[in-house]
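These values consider heavy atoms only, across backbone and side chains, with no hydrogens, waters or symmetry-generated copies.
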Amino acid sequence: MTTAAAHALDRAHWIQAHEPQPFPWGERPGYEFRTTFDLTSAPTRAVLTATAHGIYEAYLNDRRVGDQELTPGATSYHKTLFVQRYEVADLLRSGANELRFVVTDGWFRGRCGPSRVGDNYGEHTALIAALTADERERVVVTDATWEVRIGEIVTADLMDGQAVDLRRRDTAEWARTVLSDDPLTADRARLGFSPAPPVRRVREYPPVRIMRLPSGRQIVDFGQNLNGWVRLHHLGPAGNTVTLTHGEALDADGDLTLDHLAFVSYPDPTPLPTGQIDRVISRGDDSDVFDPRHTTHGFRYVAVDGVDADLAADEITAVLVRSDLPRTGSFSSSDERVNRLHEIAVASWDANTCDIPTDCPQRERWGYTGDFQIFARAAAFLDDIEGFARKWLGSLADDQRDDGCVTNVAPNSGVVINPAIPFSFDGSAGWGDAATIVPWQVYLSSGDPAVLAEALPMMTRWVDYAAGVAATARHSTRAESRPDPAPHERYLWDSGFHWGEWLEPDTTFDPFADPGIIATAYLFRSAVITSQAAAALGDHETESAYAALAANVRDAWQTEFIDSTGRLTVESQANYARALAFDLVPERLRNVVVARLVELIRDRDTHLSTGFLSTALLLPVLAQHGETDLAYELLLRDGAPGWMTMLDRGATTVWESWNGVDEDGVPHGSLNHYSIGGVITFLHEHVAGIQVVDPGYRTFAVTPRPGGGLSSARAELVTRHGRIVSAWEIVAGVFTLSVTVPPGTTATVVLPSGAEHALLAGEHEFRE
């Protein structure tokens, strides 16, 4: 943590409401804190510095400070808490001034994750702030003189929703605050400034359709699944209650359904409430607007109850809320279905980047490690994710266990320890490997080794943990068939809990199956990356140690899982694709392995059968090994499982499972998970052909591979050095490629014929 954040608040005190017994989870109000002060003149410069245990908003003289949302965001609060600074001179005036804050539970003590548990970091919300004016004269700090009250926000929870009684705006009474006695508040070393862009309202969606049901309920369709909230005007007469229920799908009667989002916390079979419900009680003022900024929801549809008049389109708006990441990459082609697939993958990514990379914005909203590592390559093309990823990786490191095990989610909150489950879910291969894969991908896209320097201790500890488990434990089936372990088994990771190839079609998840072929592959991949990261940092001792480990793990994987003919002992599209993508296959067997992967695809009538971990790998692997035409066939294949089926069934974001909406129109699971949208890497790197060679794209390749009936494709990528463009078209049998190479970089172009050209900065065109 930086000392500047703590120094700015060195005379301020943490304050909280007098709350002898906190309200029950999901029923906790928002607290308003205020103070007044006089200024002899309006300052030319003033800075407000603040943070909270909970989510806060600041107001100076009833004008909102800044445009950041959900501050201070999601972190592992016990180790890291970010502070915000705002220029506020234009909000101050000569004479009397009022500084007011609104604080709600947020991630600090609100309910997080699918299990709906609260108090993850503490039982009481709290606030600390300081305002300084010209020449750094201290004007006001939080202390025991401040006042507090329960304001118009009567409940607020990130999962459940927000309830507001606007009648309290002018009637709630103030009391004196108390100084916080939370032991966390004494730790100023955890304060710092975030490397990530803030969360903001980045886009708005008007309704595309408003329907009135016989019950009187109105269903508003915004035409796009998203993360955020709904802004509502015209709330009715004083005392009128309006309820907004948010969801992703409608049932056969056209009403909102949340059934597919139900979550059961084992072993209790009773589904937990989905939440996503906002309420507002009107005070009868036509100028009031309901804008519930202390919660978020995943939704395309909103059911509105309590509004008698038919809603007009300009009275209700959906607001997309996400980290304000600079967009860096784009893709388009002559095929509108391909373009639409890219659009829904981007929309899913946008909906799951709300301060942390979440798996979904409705049912869980967790920073799942596996989902982000799967999509990180595509994400690094779409957006400048460096600061966003470094912030999240900090939480991942904060929550890494003492033995090096990496948790499933970061920040690791909302987790229920259930004695009925005799093992830990943490440390799963492909999930924990986010500790290596994500920082390496950020380094490749940005060229900044700082992310590696920050992450290397976490990377080595994770690989050491996985290697230690491999060396000391064996899967029961292997121990039964081979009581005396073979020497190579020291490097087989085949024990512990693993999510495996999650949601693989036509496969039942078995947590006790032998995970060795997948887990050992990831141990190899993470050891390689750790060695490469150490080399990039000039740490040659660490580089050598993990290179040696990787070589041993690779030999063990080959000894155990591939025979002399190139057949894997556990055959699946996923395992073959992963073996090729991770360079686990001996050179002499590579063509045979590729041919077997093709057979497995053809055996399924040219449909894929991959799950979470390997879907993003499949098409690039085919393209890299001379099977580009088959990659296009899979991309454009109709029928489930497949991406085109998502489009045919109306998806506006990527589904969690291939059967997210079945042939009868019934939804299943989350309809907003970006993981299998990682296929767009194929569009970026093979259809358009932009591929990084040296970190930061100082050297890159452009290797477009036309196919699938496409007559044109174009991708652009803004790098640290400037804009890369690859645009091709086919007209009358002539292939034309236009390439832009930024200043200070070099590129290699490989045309479809195989002809290569070395390029310097500038505009270039090729025909064949």
Approximate separation, where rounding is to 0.5 Å, of [X] [atom1] and [Y] [atom2]:
{"X": "Ile676", "Y": "Trp658", "atom1": "CD1", "atom2": "CH2", "result": "4.0 Å"}
{"X": "Thr542", "Y": "Leu537", "atom1": "OG1", "atom2": "CG", "result": "9.5 Å"}
{"X": "Trp440", "Y": "Ser526", "atom1": "CH2", "atom2": "OG", "result": "12.5 Å"}

So for atom [atom1], which belongs to [X], do other residues, nucleotides or ligands contribute more than 12 heavy atoms lying within a distance under 6.0 Å?
{"X": "Glu599", "atom1": "CD", "value": "yes"}
{"X": "Arg596", "atom1": "CZ", "value": "yes"}
{"X": "Arg390", "atom1": "CZ", "value": "yes"}
{"X": "Arg490", "atom1": "CZ", "value": "no"}

Check: [Y] main-chain N/O paired with [X] side-chain donor or acceptor under 3.5 Å:
{"X": "Thr520", "Y": "Trp493", "result": "yes"}
{"X": "Gln441", "Y": "Val438", "result": "no"}
{"X": "Thr645", "Y": "Pro641", "result": "no"}

Side chains of [X] and [Y] only: does a donor on one sit below 3.5 Å from an acceptor on the other?
{"X": "Arg714", "Y": "Ser332", "answer": "no"}
{"X": "His673", "Y": "Ser675", "answer": "no"}
{"X": "Asn659", "Y": "Ser657", "answer": "no"}
{"X": "Thr703", "Y": "Gln691", "answer": "yes"}
{"X": "Thr407", "Y": "Asp426", "answer": "no"}

Is there a side chain to side chain donor-acceptor pair (under 3.5 Å) between His488 and Asp555 once you walk through the steps? CA-CA 8 Å; His488 72 274; Asp555 288 344; over 6 Å; no
Is the distance from the ring center of [X] to that of [Y] below 6.0 Å?
{"X": "Trp557", "Y": "Phe524", "answer": "no"}
{"X": "Trp499", "Y": "Phe497", "answer": "yes"}
{"X": "Tyr632", "Y": "Phe682", "answer": "yes"}

Name the residue from Asn672, Asn225, Thr652 that meets the side chain to side chain donor-acceptor pair (under 3.5 Å) definition with Ser348. Asn672
Result of checking Asp464, Thr436, Thr460 against Tyr546 for side chain to side chain donor-acceptor pair (under 3.5 Å): Asp464
In terms of heavy-atom contacts, Ala410 and Trp392 come closest through O-NE1, 2.8 Å
Would Gln362 and Ser670 count as a side chain to side chain donor-acceptor pair (under 3.5 Å) if you check the C-alpha gap in whole Å, the side-chain angles of each, and the deciding distance to 0.1 Å? CA-CA 8 Å; Gln362 14 62 12; Ser670 164; 2.7 Å; yes
Report the residues that fulfil side-chain hydrogen bond (donor to acceptor under 3.5 Å, both in side chains) with Asn412, sequence neighbours left out, ordered by chain and then residue number. none
Do [Y] and [X] meet the salt-bridge criterion of a basic N to acidic O distance under 4.0 Å?
{"X": "Arg363", "Y": "Glu248", "value": "no"}
{"X": "Asp583", "Y": "Arg590", "value": "yes"}
{"X": "Arg478", "Y": "Asp494", "value": "yes"}

